[in-house]
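The next block holds one structure in the form of structure tokens; read it before the comments.
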Amino acid sequence: MDARKGNIYEILNGNKQFLIPVYQRYYSWDIEQCKRLWNDIVNMQKKGKVGHFVGSIVNIAEQAMPTGVQKYMIIDGQQRMTTLSLLLLALRDYAIKNPEDTTINARRIDNMLLKNEYESGDERYKLLLTDTDRDIFIDLVEEKPISDDIRSKLLDNYKYFAGKIANKELQPAEVYESIGKLQIVNITLDRSVDDAQAIFESLNSTGKELSEADLIRNYVLMGLEPTEQTYVYEHLWRPMELLFVYGTQDSVMDRFFRDYLTMKITRIPKQDRVYEEFKLYHLNCEFGTICELCQDLLIYAKYYTDMVFKRSRNPALKALYEDINDLRMEVSYPFLLKIHNDYTEGIISEDELKQVIQLCISYVFRRSICDIPTNSLNKTFATLKNEIRTEDYVNSIKAFFVMRDDYKEFPNDEKFTAAFVSRDIYTMRSRNFILSHLENYGNKAPIIIENYTIEHIMPQNTSLSPEWQQMLGSNWREVQKTYLHTIGNLTLTAYNSEMSDHPFMVKMDMEGGFRESALRLNAYVVKLTKWNEQSIKERASLLADKAKKIWAFPDMTAEELAPYQTVEKPVERYSLETYDTNVFTKTLFEVLDRRIQNISPNVKREFKKLYVAYKLDTNFVDIVFLKQRLRISLNMKFSEVTDPKGICRDITGLGRWGNGDVELYMEHTSDVDQIMEIIEQSYRLQADE
């Protein structure tokens, strides 16, 4: 390893070429990073500083040839090197356009810092980027016209620097001088001695510079022989990257890899551990080669991006993908990846695929209407594939949903209807989604919801006109408060501002009013001559009946459900009276019990034979009654607990009622706050899994 401090001029000068290998990410710096670099340059120049450290460049020297270009493969630092080259390009182009300014030598920048003057082909360029960016960067170097339709961060950042130089916050000569003051450590590795992968990981161990997807790309491609590396990149990895919309690759690809792993291992990797989990999966997966693994990734990335970006030639599938996006059902993607692949492999038909997707949409939507917390949905969908019986595919999924009576429940028609008619729909994020579906259900000429606004039939104004007060009755304030934002009082209109707070019959008969409306949502409204509590309730009931059909509860006969029902032995029931308690320990328990259950609606309490358990999927805390205090067991490793007051005890390997390696006691009600700080740590460990 050879490490030398220098500047970009020293690094680029000479017959050299720096290449970005295929396993590196594309150029990804935003304007924000360029602003920081520019501000550092301005600050350094105006304050007369002699230098400013901007980071390192790590490369591997290719075998030296007697003649020609010495090549270096960059494994870290391409972002700053490319950005500095864009700044030099902007300076050169300024000099070309302003020949009267002799302080900048365009030819010197061109032939010493951007090009190898006497070379041809690709070797002509000091910096050769990956396929994603190569042509655009070369076009900039060669001053070729670039189409306005092309989107690229290279172009965005070049234009930013060109604008800054043209504004002359610093004189161009000062900019050139300041670039030379930017200090860079250039580290050149010896291929025969240094482990490039290990060095790369240590440089990026914080995960701040590279996304999880970037780290995975490097891991997959870096270790391959050049020929295989090129094949895998060009035929598998690059086609996969191109499935993701420009500007979203980092965030959406990170989510894809996490959801792919969740689908494969039936466990949700932590967001900052996706790369590590991927490496473990690769070592134990069913694929014999990297090529096979990348083929699988490409297949699932196609399913994933179809859903995320709502792509399908099938109108019904495209509509389902739009619903998934409208409801923000990202938690369902691991399971939906599985069923899409089962469809591709012929295990299920297209109709069955659509049935299962619609089931998932109805499940998520009904739970949102019933205000059931969503933080358990990720685990539900992560493990749902385990419930599938291939020989009875759709019914096995239906049966799972039908038989849930816990926090995973699929609200039945009774619960759904009760919530749907009384829920404040207007303030829900999904209100347009709801009204659009109610209007377009069974409609051969569906409306475009964006062309309409939401209208409150009974106005929002708290000072209702005398006409409205008379129509609603003496308790008009209570009626308005109760029903204002509910589904029974909401409709769509193209004339919201004109309708305003007008009396009901004025809204009915005005130009563009309800009577002129062809909307199905107004079919009931136009039959009326008054609008009051009864009207709102009747319309809500009609809309709820339609909603039950749109977002249907799984329909199963007794015969279809029977194979999934098991006869369980009677379970012995326990209660607080099961335990040997007294007034004092009961008081301690009541205080602590209330606080634990208030952590989340998903917390379930169970009275066991010897202790009280609190759980999400599994126990996170257990309570045992002693004579004058409570013993509390936490289901976590002792090394995981943060205990600044030293109230916990390590019981690893000791026999105890309850679960886990951490134990503490509650002796006074005043202890509850510090005890809850510890209990919530155990809860979060389980909730974040």
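As a basis for the values below, the full set of heavy atoms in this structure was taken, side chains included, without hydrogen atoms, waters or symmetry mates.
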Determine whether a donor-acceptor pair (N or O, by modelled atom type, separation under 3.5 Å) exists between the side chain of Arg238 and the backbone of Tyr233.
no
Tyr303 ring center within less than 6.0 Å of Tyr300 ring center
yes
Once rounded to the nearest 0.5 Å, what's the spacing between atom CD1 of Ile179 and atom CD1 of Ile8?
9.0 Å
In short, Met240 meets Ala301 closest at the heavy-atom pair CG-CB, 3.5 Å
Is it the case that atom CD in Glu225 sees more than 12 heavy atoms from other parts of the structure closer than 6.0 Å?
no
Under 6.0 Å from the CG atom of Asp148, do we count more than 12 heavy atoms belonging to anything else shown?
no
If I compare all heavy atoms of Ile339 with all of Ile348, which pair ends up nearest, and what's the gap?
O-CD1, 3.6 Å
Quick check on Lys16: does its NZ atom have over 12 non-hydrogen neighbours (other residues, nucleotides or ligands) under 6.0 Å away?
yes
Report yes if the side chains of Val641 and Gln681 come closer than 4.5 Å at any heavy-atom pair, otherwise no.
yes
Spacing of CG belonging to Leu91 relative to CG belonging to Asn105, to within rounding of 0.5 Å:
11.5 Å
Going by distance alone, is a donor N or O of one side chain under 3.5 Å from an acceptor N or O of the other, for Tyr94 and Asp101?
yes
Would you find more than 12 non-hydrogen atoms of other residues, nucleotides or ligands less than 6.0 Å from Ile448 atom CD1?
no
Side-chain donor-acceptor pair under 3.5 Å between Asn116 and Tyr125, yes or no?
no
For the residue pair Asn15 and Glu119, confirm or rule out a side-chain donor-acceptor distance under 3.5 Å.
yes
Evaluate ring pair (Phe, Tyr, Trp, His ring centres under 6.0 Å) for Tyr321 paired with His340, printing each intermediate quantity in order.
CA-CA 12 Å; Tyr321 296 158; His340 275 81; 5.8 Å; yes
Looking at every heavy atom in both Leu221 and Gln229, which two are closest together, and how far apart are they?
O-NE2, 2.8 Å
Hey, are the side chains of Tyr304 and Val252 touching, using non-hydrogen atoms and a 4.5 Å cut-off?
yes
Considering non-hydrogen atoms only, spot the tightest contact between Ser85 and Leu114 and give its length.
O-CD2, 4.1 Å
Under the 3.5 angstrom rule, does the side chain of Lys385 hit a backbone N or O of Met263 as a donor-acceptor pair?
yes
Could you tell me whether the side chain of Ile388 reaches within less than 4.5 Å of the side chain of Phe335, counting heavy atoms only?
yes
Determine whether a donor-acceptor pair (N or O, by modelled atom type, separation under 3.5 Å) exists between the side chain of Arg80 and the backbone of Ser56.
yes
Do any N or O atoms from the side chain of Ser332 and from the backbone of Met329 form a donor-acceptor pair under 3.5 angstrom?
yes
At what distance, to the nearest 0.5 angstrom, does NE2 of His52 lie from CG of Asn7?
14.0 Å
Can you tell which of Lys264, Arg258, Arg267 makes a salt bridge (Lys or Arg N to Asp or Glu O under 4.0 Å) with Glu277?
Arg267
State whether the number of non-hydrogen atoms from other residues, nucleotides or ligands found under 6.0 Å of Arg107 atom CZ is greater than 12.
no
Can you tell me if Arg92 uses its side chain to pair, donor with acceptor, with the backbone of Val141 under 3.5 Å?
yes
Do Ser211 and Asp214 pass the side chain to side chain donor-acceptor pair (under 3.5 Å) test, and can you show the C-alpha distance, the side-chain angles, and the key distance before you say yes or no?
CA-CA 5 Å; Ser211 68; Asp214 291 327; 3.0 Å; yes
Is it the case that the side chains of Asn314 and Ser312 hold a donor-acceptor pair, with the cut-off being a distance below 3.5 Å and no angle test?
no
I need the minimum non-hydrogen distance between Ala382 and Thr262, along with the two atoms involved.
CB-CG2, 3.5 Å
With a cut-off of 6.0 Å (strictly less than), are more than 12 heavy atoms of other residues, nucleotides or ligands near CD of Gln271?
no
Rounded to the nearest 0.5 Å, how far apart are OH of Tyr231 and CG of Leu224?
12.5 Å
Identified side chain to side chain contact (heavy atoms under 4.5 Å, CB included) counterpart of Val274 within the set Phe257, Tyr260, Phe256:
Phe257
Out of curiosity, Arg134 CZ to Asp122 CG, how far, rounded to the nearest 0.5 Å?
5.5 Å
Can a donor-acceptor pair be found, under 3.5 Å and without considering hydrogens, that links the side chain of Gln33 to the backbone of Asp30?
yes
Hey, are Asn59 and Asn186 close enough side-chain-wise for a donor-acceptor pair under 3.5 Å?
yes
Check step by step if salt bridge (Lys or Arg N to Asp or Glu O under 4.0 Å) holds for Arg124 and Glu117.
CA-CA 7 Å; Arg124 178 173 171 79; Glu117 185 178 5; over 6 Å; no
Can any side-chain N or O of Asp254 pair as donor or acceptor with the backbone N or O of Ala213 at less than 3.5 Å?
yes
Evaluate Tyr219 against His282 for ring pair (Phe, Tyr, Trp, His ring centres under 6.0 Å), listing each step before the verdict.
CA-CA 10 Å; Tyr219 171 76; His282 169 235; 5.5 Å; yes
Are the side chains of Val308 and Arg255 in contact, using a 4.5 Å heavy-atom criterion?
yes
Checking the side chain of Asp296 only, and the main-chain atoms of Glu292 only, is there a donor and an acceptor separated by less than 3.5 Å?
no
Are a donor atom and an acceptor atom from the side chains of Asn386 and Thr383 found within less than 3.5 Å of each other?
no
Separation between CG (Leu37) and CG (Leu87), nearest 0.5 Å, reads 6.5 Å
Please lay out, stage by stage, how Tyr176 and Tyr9 fare under the test ring pair (Phe, Tyr, Trp, His ring centres under 6.0 Å).
CA-CA 10 Å; Tyr176 186 82; Tyr9 300 149; 4.8 Å; yes
Between Ile165 and Leu170, is there a side-chain heavy-atom distance shorter than 4.5 Å?
no
A side-chain contact here means heavy atoms from C-beta on lying under 4.5 Å apart; do Phe278 and Glu212 qualify?
no
Might you point out which heavy atoms bring Leu113 and Leu12 nearest each other, and give the distance in Å?
O-CD1, 3.4 Å
Report the C-alpha distance between Arg217 and Glu241 in whole Å, list the side-chain angles of each, state the deciding distance to 0.1 Å, and finish with yes or no for salt bridge (Lys or Arg N to Asp or Glu O under 4.0 Å).
CA-CA 10 Å; Arg217 182 201 300 108; Glu241 286 184 332; 2.7 Å; yes
Is it true that Tyr333 and Lys338 share a donor-acceptor pair across their side chains at a distance under 3.5 Å?
no
So does Val69 get a backbone contact from the side chain of Gln17, meaning a donor-acceptor N/O pair under 3.5 Å?
no
Working note: Tyr27 + Asn157, criterion side chain to side chain donor-acceptor pair (under 3.5 Å); need CA distance, chi angles, decisive distance, verdict.
CA-CA 11 Å; Tyr27 181 66; Asn157 295 346; 3.0 Å; yes
Within the 4.5 Å heavy-atom criterion, are Lys5 and Ile184 side-chain neighbours or not?
no
Does Glu640 form a salt bridge (Lys or Arg N to Asp or Glu O under 4.0 Å) with Lys637? I'd like the steps, not just the answer.
CA-CA 5 Å; Glu640 294 175 322; Lys637 295 177 182 178; 5.5 Å; no
Does a side-chain N-to-carboxylate-O contact under 4.0 Å join Lys97 and Asp93?
no
Looking at Asn43 and Asn39, would you say the former's side chain and the latter's main chain have a donor-acceptor pair under 3.5 Å?
no
For the residue pair Tyr343 / Ser349, report whether a side-chain donor-acceptor contact shorter than 3.5 Å exists.
no
